[in-house]
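For reference, the structure discussed in these notes is given below.
Quick note on labels: first sequence line is chain A, next is B, and so on, each numbered from 1. What you see is a predicted model, and the numbers here were worked out from it, not measured in a lab.
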Amino acid sequence: MKKAMLFAVMLALFVLQRGARAEDSPIHGFIQGNYSADTDARNPDNGRLKWSEERGQLRLDATREPYRLFIKTDVFYDNVAQAQDVELREGYVDLTGEKWDARAGRQIITWGVGDLIFINDVFPKDYEAFFSGRPMEYLKKGVDGVKAGLYPGGVSIEAVAIPFFEPNNLPDTRRFWLFDPMPNVQNRVKKEPASTPRNTELAIRAYGSAAGFDASLYAYKGWHRNPSMRPGGMGSPARITLVYPELRVYGGSLQKAALDGVMSLEAGYYDSRDGKAGQDPLVPNSQARFLAGYQRQLREDLTLGVQYYGERMMQYSAYESTAMPGFPKEPRYRQVASLRLTQLLMHQNLRLQWFSFYGITDRDYLLNPEARYNFTDNIWAAVGAMIFGGAKDTTQFGSLDRNDNAYMQVRYEF
Amino acid sequence: MKKYLFICLSALLVAASARAAAPEEIMRSSQAAFLYQGKDFKARVVMRLTGKTGAERIRELTMLRKNSGAPGGDQKYFIYFYKPADVKDMTFMVYKYPKKDDDRWLFIPALNMVRRIAAQDKASSFVGSDFTYEDVSGRDIDDDAHVLVKEERLGSSDCYVVKSAPKEGGMDYAYKLSWIDKGNYLPLKEEYYDGRSGLYKVFSADEIKTISGIPTVTRRAMKNLSSGHKTEAEFTRVEYNTGIEDSLFSERFLKQPPKKRIE
């Protein structure tokens with residue numbers, strides 16, 4: 001009932017803003033349909049749809065300097081689950097000074113220079129959204145926390161404190177075929193870090209520009225956002241606890257115009273506190289991660305982006321000696337390449353895009369072609385596909401092999 | 001006395017011939033008058049893109065510009081988008097260097113992400129319009145060979161007509177003719193010619209207002225004769241020398257543009 005009320009409120013607001021036609025209206029948003037159908041196998045629950053929903057979003061942006069209030073709320077009806085819900089995507093208050101600012105509330109933070117490769121972007125992601133063919137913005141999840149910015153001149157600093165842990169959202173096992181090393185134990189309990197002062201996540205970034213370089217340094221103290229499995233009892237576990245081990249990340253990034261394009265470099269050390277010695281096979285080993293990217297305009301409205309990514313497991317021999325049977329063996333060094341081609345046509349109203357990952361080590365892939373057309377200044381639609389595969393069904397994209405889907409997004413934006 | 005007269009005459013002659021023989025100077029003055037006026041500049045720009053069939057698209061944005069030094073030198077641009085709705089709140093920043101590729105950054109609000117954008121081709125379309133980045137922020141005078149073709153009246157203005165041909169290939173046009181107002185040095189008309197079809201693109205300054213003592217083109221159009229597509233741009237709320245801080249052109253304000261600067 002509450003939700004029906006919210007729908008009504010949204011509709012009323014939408015009508016109001018249409019009527020007001022204020023030049024710089026503080027209210028914007030969209031109404032959207034988003035559908036994705038299997039093209040390979042049916043879902044594990046025998047359904048054919050990865051995603052099917054109608055969604056409305058309202059954004060309120062009100063500024064009275066030095067304060068600003070921003071609220072972005074979605075209401076949606078999920079045709080697959082046959083359920084409606086309300087989602088606060090972002091909601092925060094800004095306070096701005098001359099050389100500092102602060103933001104408190106739910107906010108989306110994006111760090112690093114990778115294109116869909118995240119090293120120092122330690123903030124939560126929604127992989128289900130990405131793999132289901134939802135609009136790109138839904139890959140990022142908001143965090144509930146406080147961010148402070150300091151701008152003394154020269155080097156700027158961004159510091160984030162997150163008291164409420166938010167895990168990554170992984171694909172739903174009813175809609176997605178996924179690799180499961182312990183398929184016989186379905187009794188699973190999620191155990192997220194409790195919201196205590198000691199558990200509060202801290203992230204800091206210092207950045208500046210010099211000699212054409214954009215440079216950043218990052219540090220993070222918090223948790224892995226993908227869960228690790230912890231069997232309940234020795235011998236024959238009847239229960240698996242999904243835990244989020246402690247993690248620290250230290251890294252840096254550089255970006256510069258070079259070689260007639262833009263060069264990006266990023267590196268990070270994933271200090272997995274609980275898995276430091278590498279002897280607990282169920283906790284991720286510490287890793288060094290590295291990324292090099294290059295982006296170039298090949299000709300007018302045609303852009304190429306290539307990336308190379310590598311991650312090195314730090315305590316490999318310890319990992320090897322304690323590896324669990326049934327779990328796929330991780331390589332010491334894992335390499336992935338990505339390719340993005342974007343062609344704009346018809347006065348940039350039509351966008352053709354190709355994005356792909358290729359696992360050099362894992363020999364697996366993700367292919368994502370997409371075409372998007374702006375029918376008017378307010379209506380656009382996109383069609384695309386998510387295609388997965390690989391040599392083994394235990395790797396990142398190989399395990400998603402049976403989840404190929406074709407998707408459509410239609411949006412009226414106001 | 002005779003000697004004095006001779007010096008005067010020769011000085012005048014030199015000046016006159018320099019003026020006549022230096023179309024580069026005319027173009028330099030024109031660029032200064034058209035794209036470098038004031039220390040800084042702010043305007044609300046509405047672009048109306050019209051296709052051959054009459055279908056219309058609107059781009060609305062606030063443009064801020066700050067010069068680093070003398071006309072013809074480096075500039076910084078800050079652009080905030082109001083329309084269309086799918087790019088609302090996006091910001092775009094350009095560090096323009098006449099002698100090399102620009103540095104460009106784009107802020108995508110839905111992801112709260114600043115992206116550096118590859119920008120080799122200054123002759124590519126600006127936000128899908130018929131204007132190119134060069135039309136918005138200028139082209140290095142030394143990249144073209146300039147010839148003063150003639151002087152003639154255009155409407156009520158006496159104009160220089162200068163032919164500018166790119167020294168290097170790779171441009172869409174073989175040469176362009178510019179009608180430069182002798183009084184205020186604003187370009188009143190430009191015609192773009194290519195090797196095959198001849199005249200194919202026409203720029204016109206359709207309204208000029210004097211704002212804070214500076215003659216300013218407040219309405220302009222670019223018509224592509226071969227595609228039938230045209231873009232009309234209207235500049236309102238034009239302000240000069242409002243003291244735009246250098247710090248505005250930074251990641252901080254790209255993410256959170258100060259309201260007073262973008263209104």
Quiz prompt | Inter-residue atom distance B/Asp89.CG - A/His28.NE2, 0.5 Å rounding | solution = 7.0 Å

Side-chain polar contacts of residues 143-155 of chain A - donor-acceptor pairs under 3.5 angstrom, sequence neighbours left out - could you list them?
| from | atom 1 | to | atom 2 | distance (Å) |
| --- | --- | --- | --- | --- |
| A/Asp144 | OD1 | A/Arg106 | NE | 2.7 |
| A/Asp144 | OD2 | A/Arg106 | NH2 | 3.1 |
| A/Lys147 | NZ | A/Glu158 | OE2 | 3.4 |
| A/Tyr151 | OH | A/Asp101 | OD1 | 3.1 |
| A/Tyr151 | OH | A/Asp101 | OD2 | 3.1 |

Quiz item: Quick one: what part of A/Thr376 sits under 4.5 Å from any heavy atom of chain B, side chain, backbone, both or neither?
Solution: backbone

Quiz item: Which distance, rounded to the nearest 0.5 Å, do you find between the CD of A/Glu137 and the CG of B/Asn112?
Solution: 12.5 Å

Practice problem: Could you look at B/Asp86 and say if it's the side chain, the backbone, both or neither that has a heavy atom under 4.5 Å from chain A? | Solution: both

Practice problem: Kindly write out the residues that satisfy side-chain contact (heavy atoms from CB on, under 4.5 Å) with A/Ser253, not counting sequence neighbours, or none if the list is empty. | Solution: A/Val113, A/Ser216, A/Tyr218, A/Glu266

Quiz item: What are the residues of residues 90-99 of chain B, in order of number, with any heavy atom under 4.5 angstrom from a heavy atom of chain A?
Solution: none

Quiz item: Which atoms of B/Ala55 come close to chain A, meaning under 4.5 Å heavy atom to heavy atom: side chain ones, backbone ones, both, or neither?
Solution: neither

Quiz item: Once you round to the nearest 0.5 Å, how far does OG of A/Ser156 lie from CZ of B/Arg252?
Solution: 8.0 Å

Quiz item: What option among A/Gln297, A/Gln107, A/Arg59 has the most heavy-atom pairs under 4.5 Å with chain B?
Solution: A/Gln297

Exercise. Can you tell which part of A/Gln255 gets under 4.5 Å to a heavy atom of chain B, answering side chain, backbone, both or neither?
Key: both

Practice problem: Can you tell me which residue pairs pass the ring pair (Phe, Tyr, Trp, His ring centres under 6.0 Å) test with a partner in residues 218-263 of chain B, sequence neighbours excluded? | Solution: A/His347-B/His229, B/Phe41-B/Tyr240

Quiz item: Rounded to the nearest 0.5 Å, how far apart are CE of B/Met113 and CD1 of A/Ile109?
Solution: 14.5 Å

Quiz item: Hey, are the side chains of A/Arg103 and B/Gln256 touching, using non-hydrogen atoms and a 4.5 Å cut-off?
Solution: yes

Self-check item: Lys/Arg-Asp/Glu bridge criterion (N-O < 4.0 Å) met for B/Lys88, A/Asp61
Solution: no

Quiz item: Does any heavy atom of chain A fall under 4.5 Å from the side chain of B/Lys255, the backbone, both, or neither of them?
Solution: side chain

Quiz prompt | Residue A/Tyr207 versus chain B: region with a heavy atom under 4.5 Å | solution = side chain

Quiz item: Highest number of heavy-atom pairs under 4.5 Å with chain B: which of A/Thr63, A/Asp260, A/Thr96, A/Asp115?
Solution: A/Asp260

